[in-house]
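The sequence lines fix the lettering, A, B, ..., with proteins before strands; numbering per chain opens at 1.
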2 protein chains.
Amino acid sequence: MTDRDANEATERRRGSGAKIVYDVLRDEILDLVLPPGGPIDEVELAERFGMSRTPIREALVRLAGEGLIETLPNRSAIVSNIDFLNMHAYFDALTLMYRVTGRLAAEHHKPADIARIAALQAEFERAVEAQDALAMIATNAAFHLAIAEAGRNPYFTALFKRLLDEGRRILRLYYQSYDDRLPHRFVVEHEEMIAAIAARDLVLSEQLGKVHADQIVEQVRKLLVREERLDLML
Amino acid sequence: MTDRDANEATERRRGSGAKIVYDVLRDEILDLVLPPGGPIDEVELAERFGMSRTPIREALVRLAGEGLIETLPNRSAIVSNIDFLNMHAYFDALTLMYRVTGRLAAEHHKPADIARIAALQAEFERAVEAQDALAMIATNAAFHLAIAEAGRNPYFTALFKRLLDEGRRILRLYYQSYDDRLPHRFVVEHEEMIAAIAARDLVLSEQLGKVHADQIVEQVRKLLVREERLDLML
DNA sequence: CCCGGAAATTTTGTCGACAAATAGAATACA
DNA sequence: TGTATTCTATTTGTCGACAAAATTTCCGGG
């Protein structure tokens with residue numbers, strides 16, 4: 001255990017405790033630092049962050065609300081497992097949200113949105129060139145979330161955010177086992193999406209969203225098949 | 001204040017505290033017993049439910065996670081306001097979810113689902129005949145949620161549940177000011193939806209979902225215009 | 001009479017402690 | 001040796017109390 005967190009936490013603003021814990025744990029769950037199914041000990045976290053169990057528990061309740069952890073009554077909470085059985089439901093939802101957010105962004109975006117989206121795309125491009133897997137995952141999610149926000153529909157944005165979060169865990173597996181060279185195709189598709197949105201072409205934006213989604217789904221499917229084969233070989 | 005809650009809470013199982021408070025407050029918010037924008041006092045709730053502030057706070061954190069209340073740092077939490085400005089975003093999301101859940105239910109339902117949906121529809125019909133507004137709202141939401149669950153996609157179901165919840169507050173306004181006689185059309189449309197789902201007609205189910213959504217959107221739009229006029233007359 | 005600042009009150013965020021519930025260890029028994 | 005049972009120990013759920021932040025009240029000056 002690192003006591004870095006505890007040291008930094010010696011002096012902080014009142015009310016920020018739970019948020020800090022929430023943010024850190026959320027990232028650690030999504031980056032697979034905390035393994036799915038792994039137990040979550042409240043006192044351990046309290047010691048690590050240098051605060052009492054109260055703000056820890058608040059953070060855990062919020063994480064449970066988003067489905068990132070599961071709490072059994074009177075028993076230790078665990079990091080949510082990745083549900084490989086209902087994966088088709090995830091893909092369906094993800095594909096539809098790519099389409100919808102693409103269309104709505106083309107319809108409702110303002111100039112500042114395009115600038116922001118383009119900036120995040122540039123970041124993503126740099127991450128791809130540097131072959132920094134974690135940065136790729138993070139900036140890719142930020143890029144698509146920016147498109148969703150340009151669509152100005154908080155209900156779709158919230159669902160999409162949840163799906164992209166869950167996707168971060170799956171992609172983490174992907175980039176761990178693959179060879180980190182594929183995604184240049186994603187860069188090109190991103191550029192096309194930006195152009196279609198900026199041109200306010202609703203139909204094309206939605207279509208590109210679907211193409212992009214199918215692309216990702218296909219990659220992950222390949223990964224899953226490969227993993228299954230590895231399992232069989234053990 | 002009623003001390004009924006406090007009396008009932010004298011003996012309850014450990015771990016149930018926060019859930020009770022969450023369920024009660026959720027219903028009171030959605031039925032407009034707690035007015036939007038109204039403050040939420042933790043100690044008052046603690047006295048009312050006969051427990052300490054800890055489980056109360058846990059319930060509030062969960063409600064905040066679902067957007068039913070808003071918490072300002074170091075300041076009292078308030079019941080979320082109904083956002084009449086971004087109503088079009090709500091209608092867009094609701095319409096799409098009606099379509100998607102209708103289609104997926106037609107695709108993935110099992111016999112038991114149809115029985116359950118039909119039972120809830122019968123309940124809805126009884127509520128309409130009895131002109132019981134609160135029962136109509138609740139059973140209508142339960143009916144559509146059952147369709148969503150028959151679609152077997154938890155991501156869509158979760159979003160739809162959230163939208164139906166938010167809709168409960170809007171419909172509550174609707175049934176308060178209108179004359180509680182309209183909805184027989186809804187009964188007929190519900191029957192058509194059940195038939196299309198049972199026949200596994202994906203296209204028709206999705207189309208009926210859209211028709212039903214447009215119907216509701218139109219009714220609420222009329223209500224909103226009427227309300228605005230009332231405002232102008234004050 | 002209105003405005004600005006200080007004191008008092010209210011309300012939240014955090015803490016340490018205790019009790020209930022469960023899991024694990026140790027023991028008795030077949 | 002395997003199984004049931006009691007005992008121990010860990011971990012959660014709840015409580016009451018305290019301190020920080022913010023709201024309200026009060027008061028003095030203009």
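Between the CD1 atom of B:Ile40 and the C1' atom of C:dT10 there is a distance of 17 Å, given to the nearest Å. C:dT12 atom P lies 11 Å from atom CD1 of B:Ile69, rounded to whole Å.
Between A:His190 and A:Phe124, the angle of the ring planes lies from 30° to 60°, which puts this pair in the tilted group.
Counting any heavy atom pair closer than 4.0 Å across all strands shown, A:Leu60 reaches no nucleic acid atom. Heavy atoms of A:Ile56 sit nowhere under 4.0 angstrom from any nucleic acid atom.
Remark: B:Arg116 engages B:Glu149 in a salt bridge, criterion side-chain N to carboxylate O under 4.0 Å. Look at A:Asp92 and B:Arg103 and you find no salt bridge, because none of the NZ, NE, NH1 or NH2 atoms lies under 4.0 Å from a carboxylate O.
Taking every heavy atom of both residues into account, B:His144 and B:Leu164 meet most closely at CB-CD1, 4.1 Å.
Under a 3.5 Å cut-off, the side chain of A:Arg172 and the backbone N or O of A:Asp31 do form a donor-acceptor pair.
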Tabulate protein N/O versus nucleotide N/O from nucleotides 13-15 of chain C, keeping only pairs under 3.5 Å, one per line.
| residue | atom | partner | partner atom | Å |
| --- | --- | --- | --- | --- |
| C:dG13 | OP1 | B:Asn74 | N | 3.4 |
| C:dG13 | OP2 | B:Arg57 | NH1 | 2.8 |
| C:dG13 | OP2 | B:Arg57 | NH2 | 3.1 |
| C:dG13 | O4' | A:Arg14 | NH2 | 2.9 |
| C:dG13 | O3' | A:Gly15 | N | 3.1 |
| C:dG13 | N7 | B:Arg53 | NH2 | 2.8 |
| C:dG13 | O6 | B:Arg53 | NH1 | 3.0 |
| C:dT14 | OP1 | A:Gly15 | N | 3.2 |
| C:dT14 | OP1 | A:Gly17 | N | 3.3 |
| C:dC15 | OP2 | A:Ser52 | N | 2.6 |
| C:dC15 | OP2 | A:Ser52 | OG | 3.3 |

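Among B:Glu58, B:Glu47, B:Glu42, the single residue meeting the side-chain hydrogen bond (donor to acceptor under 3.5 Å, both in side chains) criterion with B:Arg53 is B:Glu42.
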